[in-house]
Amino acid sequence: MNYHWLNSILLLALLCNIVEAKIAIFTHYFGQPEFIKYQYLFFKKNLLDEYELNVFDDSNDILTSEKIRYECDKYGIKHIRIPRVVFDFPKLPIIDDYVGHTSPSFECAVAIQYIYDNYVVPSDKICLLIDNDIFLISPFSIEKFIGSDSFAYNPQSNGVADYMLPNFLILNPSKMPEKESLDFNLGVIKGNRTDSGGFTHFYLQKYRNLGKVISTHYFYDNNSSMNKKFITTCPLLFTATEWGSYYFVDKETFLHLRMGSNWSRHNSYYNIVNEMAFFFNQLLQDS
């Protein structure tokens, strides 16, 4: 009996069930490999779009890099190592002496530029660039949010020049004119210092009308239902004003644990991270 026709039908059915990802998520890890679990689980639970998650490893510590790879393998996430030579000879050399080449801002600017040039620019998908301490804690569609806009960004200012802070960016490269010119460097603009992403100011000057500003809502100035529910069990997380955490987009959508990467070396860091773990585990248990 000839089963070729049956095999063809089964293959066609399988192909019909394969849905191409519309969203490419790029997150980079210098440390905190334990956060990969939460980013993965929250995207899986709450992102309403078809997506692919890519973790970039830019750690300068071999053991940390191995832990990042282990966590990626554990959850079936694509792991991409950023070569350390990229930081020794960055594409966009820092020319202002206030920027240290071992500083978190320098590392961030170089890592984001590498990801953007090599993975976002050639992509035909909507791309989310996101720090490792930002988590999607409520249902959300990136495709619907970006709509017809070319990009959406978290605004930052040095007092006289505004720019895109590269910790949270939604980019549709197929709709971005001169996309190769987007520069995530940092330095002095109009006499004042900028953080990483400062030089995106020059792209905004030309194409601001194509983008959308993403709103932020701080925990300590927010009467959301989550605040009311968890403020007694997570008091530092929900009341801290120094390096206070905040939401992107809406009051309970993307949560940014602002000092999650421990760049500030704050005395309360480990207490806040412990509160975060409790908070996240509670949210993940909810149906």
Side-chain angles (χ1 to χ4, degrees), residues 18-29 35-56 72 75-80 108 111-112 115-156 163-177 179 182 184 197 200 203-204 207-217 224 226 245-258 260 280 283-284 286:
I18 297 175
V19 181
E20 185 178 359
K22 294 182 178 180
I23 310 295
I25 302 170
F26 304 118
T27 182
H28 61 106
Y29 278 75
F35 286 5
I36 291 172
K37 164 188 173 181
Y38 292 115
Q39 278 199 321
Y40 167 79
L41 291 175
F42 277 119
F43 277 126
K44 183 178 179 180
K45 179 177 181 179
N46 290 321
L47 190 56
L48 303 178
D49 311 296
E50 296 295 330
Y51 70 95
E52 59 185 30
L53 177 58
N54 305 274
V55 166
F56 289 81
C72 288
Y75 294 104
I77 301 167
K78 188 172 183 180
H79 171 274
I80 303 162
C108 176
I112 290 293
I115 297 168
Y116 179 78
D117 289 342
N118 293 283
Y119 293 89
V120 176
V121 168
S123 179
D124 59 357
K125 299 177 173 62
I126 297 169
C127 300
L128 173 64
L129 281 169
I130 187 171
D131 273 3
N132 71 342
D133 55 0
I134 299 176
F135 309 90
L136 179 58
I137 62 172
S138 296
F140 182 72
S141 168
I142 292 173
E143 183 182 23
K144 288 183 179 178
F145 178 78
I146 191 70
S148 60
D149 291 303
S150 299
F151 56 91
Y153 65 99
N154 175 26
Q156 182 78 342
Y163 55 96
M164 306 179 194
L165 197 62
N167 63 349
F168 189 90
L169 279 170
I170 302 173
L171 305 167
N172 191 342
S174 63
K175 293 186 176 183
M176 292 175 63
K179 57 188 176 183
L182 189 56
F184 292 98
T200 59
Y203 193 85
L204 284 179
Y207 300 114
R208 184 187 310 277
N209 63 315
L210 300 180
K212 173 187 292 185
V213 172
I214 297 173
S215 61
T216 56
H217 307 267
S224 72
M226 287 187 184
S245 298
Y246 52 78
Y247 297 110
F248 286 113
V249 183
D250 205 348
K251 289 184 177 180
E252 297 178 349
T253 310
F254 283 93
L255 183 158
H256 181 203
L257 188 69
R258 192 177 175 199
F280 283 174
L283 293 182
L284 288 167
D286 294 341

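Any value given below was found using the heavy atoms of this structure, including those in side chains, with hydrogens, waters and symmetry copies removed.
- Figure legend: cation-pi geometry between Lys179 and Tyr203 absent, as NZ or CZ is not positioned both under 6.0 Å from the six-membered ring centre and within 45° of its axis.
- The OG atom of Ser148 sits 7.5 Å away from atom NZ of Lys212, with the distance rounded to the nearest 0.5 Å.
- Ring-plane geometry between Phe56 and Phe26 is classed as perpendicular, the angle between the planes exceeding 60 degrees on a 0 to 90 degree scale with a lower cut at 30.
- Centroid-to-centroid, the aromatic rings of Tyr207 and Phe151 stay 6.0 Å apart or farther.
- Counting only heavy atoms from C-beta outward, the side chains of Thr253 and Leu136 approach each other to under 4.5 Å.
- Checked against the 6.0 Å centroid threshold, Phe280 and Phe42 count as a close aromatic pair.
- Classified by interplanar angle (parallel below 30°, tilted 30° to 60°, perpendicular above 60°), the ring pair Phe168/Phe248 is parallel.
- Looking at Lys22 and Asp49, no side-chain N of the basic residue comes within less than 4.0 Å of a carboxylate O on the acidic one, giving no salt bridge.
- Residue pairs meeting the salt bridge (charged side-chain N to carboxylate O under 4.0 Å, His left out) criterion with at least one member in residues 118-132, sequence neighbours excluded: Glu20-Lys125.
- Contact between Ile137 and Asn46 at its shortest, heavy atoms only, is C-ND2, 3.2 Å.
- Between Phe254 and Phe135, the gap from one ring centroid to the other reaches at least 6.0 Å.
- Side-chain contact annotation: Tyr29 with Gln39, donor-acceptor N/O pair under 3.5 Å present.
- Side-chain contact, Tyr246 with His256: a donor N or O sits under 3.5 Å from an acceptor N or O.
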